[in-house]
Undergrad: 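Structure in structure tokens, see below.
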Amino acid sequence: MQIDTGFLALIISVISLCSPIITTLINNRYLSKQRKLDDETKRQKLVELHQREILESALQEIGSLRILGNRENKTEFGSACLLAYAYVDPKTADDLMRLYLVSLNSPKEIPDEMLEEAAKGITDCLRKLHI
């Protein structure tokens, strides 16, 4: 069986036409996966940045509540505390909820130990973030 040069040229031309198409498809698939990974990384960084901002705000409100302790600070602390509640570990969440309830119900100063405990828990959560 002898292969004709025309037939061989036809096979080579078909391969040369299909090769760039196949290469383009493979590259597009790779770039699509890479873009998805990049988007997921950006989204994760934004989520962590959002968590950091909320936790830092709660920490700041704990500090201002400790220093000033007036009714307006208690309101701001309450909103910051409830936002941070979703991003902290269970023990710190319990401390924040207890502190929030004490700040609502108590006209007196909040005990420094409670404030320090909550601040320590939030600081530990901040350290766990990757940013």
Side-chain angles (χ1 to χ4, degrees):
M1 178 170 172
Q2 207 168 11
I3 296 180
D4 185 344
T5 55
F7 181 70
L8 188 59
L10 177 68
I11 291 176
I12 292 174
S13 65
V14 168
I15 290 173
S16 67
L17 287 175
C18 293
S19 177
I21 295 171
I22 293 171
T23 303
T24 302
L25 291 174
I26 291 171
N27 284 341
N28 285 345
R29 185 173 176 156
Y30 170 77
L31 289 175
S32 174
K33 287 181 181 181
Q34 189 66 33
R35 193 173 305 122
K36 284 180 184 177
L37 287 174
D38 290 344
D39 290 345
E40 181 62 27
T41 302
K42 285 178 187 177
R43 189 192 68 76
Q44 186 63 32
K45 284 185 179 183
L46 286 174
V47 166
E48 288 180 0
L49 184 63
H50 176 71
Q51 288 176 353
R52 177 171 286 283
E53 288 172 356
I54 286 176
L55 292 175
E56 285 176 349
S57 172
L59 200 57
Q60 181 180 3
E61 292 303 325
I62 287 174
S64 65
L65 185 64
R66 185 174 185 185
I67 293 170
L68 301 174
N70 59 20
R71 191 74 175 152
E72 182 179 316
N73 291 93
K74 287 182 180 181
T75 304
E76 291 175 10
F77 166 74
S79 62
C81 178
L82 292 176
L83 284 172
Y85 186 81
Y87 300 114
V88 294
D89 57 87
K91 183 191 178 306
T92 305
D94 290 342
D95 292 342
L96 284 175
M97 188 54 70
R98 199 170 328 130
L99 191 58
Y100 174 66
L101 293 174
V102 167
S103 73
L104 283 180
N105 299 327
S106 174
K108 303 177 192 174
E109 294 265 332
I110 298 172
D112 284 345
E113 297 82 30
M114 288 181 77
L115 292 169
E116 288 174 8
E117 206 170 310
K120 183 180 180 235
I122 291 174
T123 304
D124 290 342
C125 291
L126 280 169
R127 284 189 190 123
K128 291 177 186 175
L129 290 177
H130 299 290
I131 294 178

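Just so it is clear, the structure is predicted and the values come from calculations on it, not from any experiment. Sequence positions, counted from 1, serve as the residue numbers for this chain.
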Undergrad: State the CG-CD distance between Leu37 and Glu40, to the nearest 0.5 angstrom.
TA: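 Result: 8.5 Å between the selected atoms.
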Undergrad: Does any part of the side chain of Leu59, heavy atoms only, come nearer than 4.5 Å to the side chain of Leu126, both counted from C-beta?
TA: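 The answer is yes, as the side chains (C-beta and beyond) meet within the 4.5 Å cut-off.
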Undergrad: Between Glu117 and Lys120, does a salt bridge (charged side-chain N to carboxylate O under 4.0 Å, His left out) hold up when you go through it step by step?
TA: CA-CA 5 Å; Glu117 206 170 310; Lys120 183 180 180 235; over 6 Å; no
Undergrad: Report yes if the side chains of Lys42 and Lys45 come closer than 4.5 Å at any heavy-atom pair, otherwise no.
TA: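 Side chain of Lys42 against side chain of Lys45, heavy atoms only: no contact under 4.5 Å found.
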Undergrad: How would you list all residue pairs meeting side chain to side chain donor-acceptor pair (under 3.5 Å) that involve residues 15-28, not counting sequence neighbours?
TA: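 As it turns out, there is no side chain to side chain donor-acceptor pair (under 3.5 Å) pair with a partner in residues 15-28 once direct neighbours are skipped.
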Undergrad: Between Lys128 and Glu48, is there a side-chain N and carboxylate O pair less than 4.0 Å apart?
TA: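 A salt bridge is absent here (no side-chain N lies under 4.0 Å from a carboxylate O).
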Undergrad: Can you give me the closest heavy-atom contact between Met97 and Tyr85, atom names plus distance?
TA: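 Reported closest heavy-atom pair: CE-CE1, 4.0 Å.
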Undergrad: With the 4.5 Å side-chain cut-off for hydrophobic clustering, are Val14 and Ile11 part of the same group?
TA: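 Val14 and Ile11: separate clusters.
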Undergrad: How far apart are the closest heavy atoms of Ile62 and Ala119, and which atoms are they?
TA: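 Looking at all heavy atoms of both residues, the shortest contact is CD1-N, 4.0 Å.
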Undergrad: Transitively linked via ILVMFWY side-chain contacts under 4.5 Å: Leu25 with Leu17?
TA: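 No, no single cluster joins them.
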Undergrad: Does the pair Asp94 and Lys91 meet the rule for a salt bridge (charged side-chain N to carboxylate O under 4.0 Å, His left out), with working shown?
TA: CA-CA 5 Å; Asp94 290 342; Lys91 183 191 178 306; over 6 Å; no
Undergrad: Nearest 0.5 Å, what's the CD-SG distance between Gln51 and Cys125?
TA: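 Atom-to-atom, Gln51:CD and Cys125:SG are 9.5 Å apart.
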Undergrad: How close do Leu96 and Cys81 get, counting heavy atoms only, and between which atoms?
TA: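 Looking at all heavy atoms of both residues, the shortest contact is O-SG, 3.3 Å.
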Undergrad: Between Leu99 and Ala118, which heavy-atom pair has the shortest distance, and what is it?
TA: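 Distance-wise, the nearest heavy atoms are CD2-CB, 3.7 Å.
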Undergrad: If you look at every heavy atom in Leu55 and Tyr87, which pair is closest and at what distance?
TA: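 That would be CD2-CB, 4.3 Å.
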Undergrad: Do the side chains of Arg98 and Asp95 get close enough for a salt bridge, i.e. N-O under 4.0 angstrom?
TA: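 Yes, Arg98 and Asp95 are salt-bridged.
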Undergrad: In chain order, what residues pass the side chain to side chain donor-acceptor pair (under 3.5 Å) check against Arg29, with sequence neighbours excluded?
TA: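 Per chain and number, Arg29 pairs via side chain to side chain donor-acceptor pair (under 3.5 Å) with no residue.
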Undergrad: Can you measure from CD1 (Ile54) to CD1 (Ile122) and round to the nearest 0.5 angstrom?
TA: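 Answer rounded to 0.5 Å: 11.5 Å.
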Undergrad: Salt bridge between Lys36 and Asp39, side-chain N to carboxylate O under 4.0 Å?
TA: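 Judged by the 4.0 Å cut-off on N to carboxylate O distance, Lys36 and Asp39 do not form a salt bridge.
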Undergrad: I want to check something: taking the side chain as every heavy atom from C-beta on, are Asp4 and Leu10 in contact at a cut-off of under 4.5 Å?
TA: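 The answer is no; the side chains never approach within 4.5 Å.
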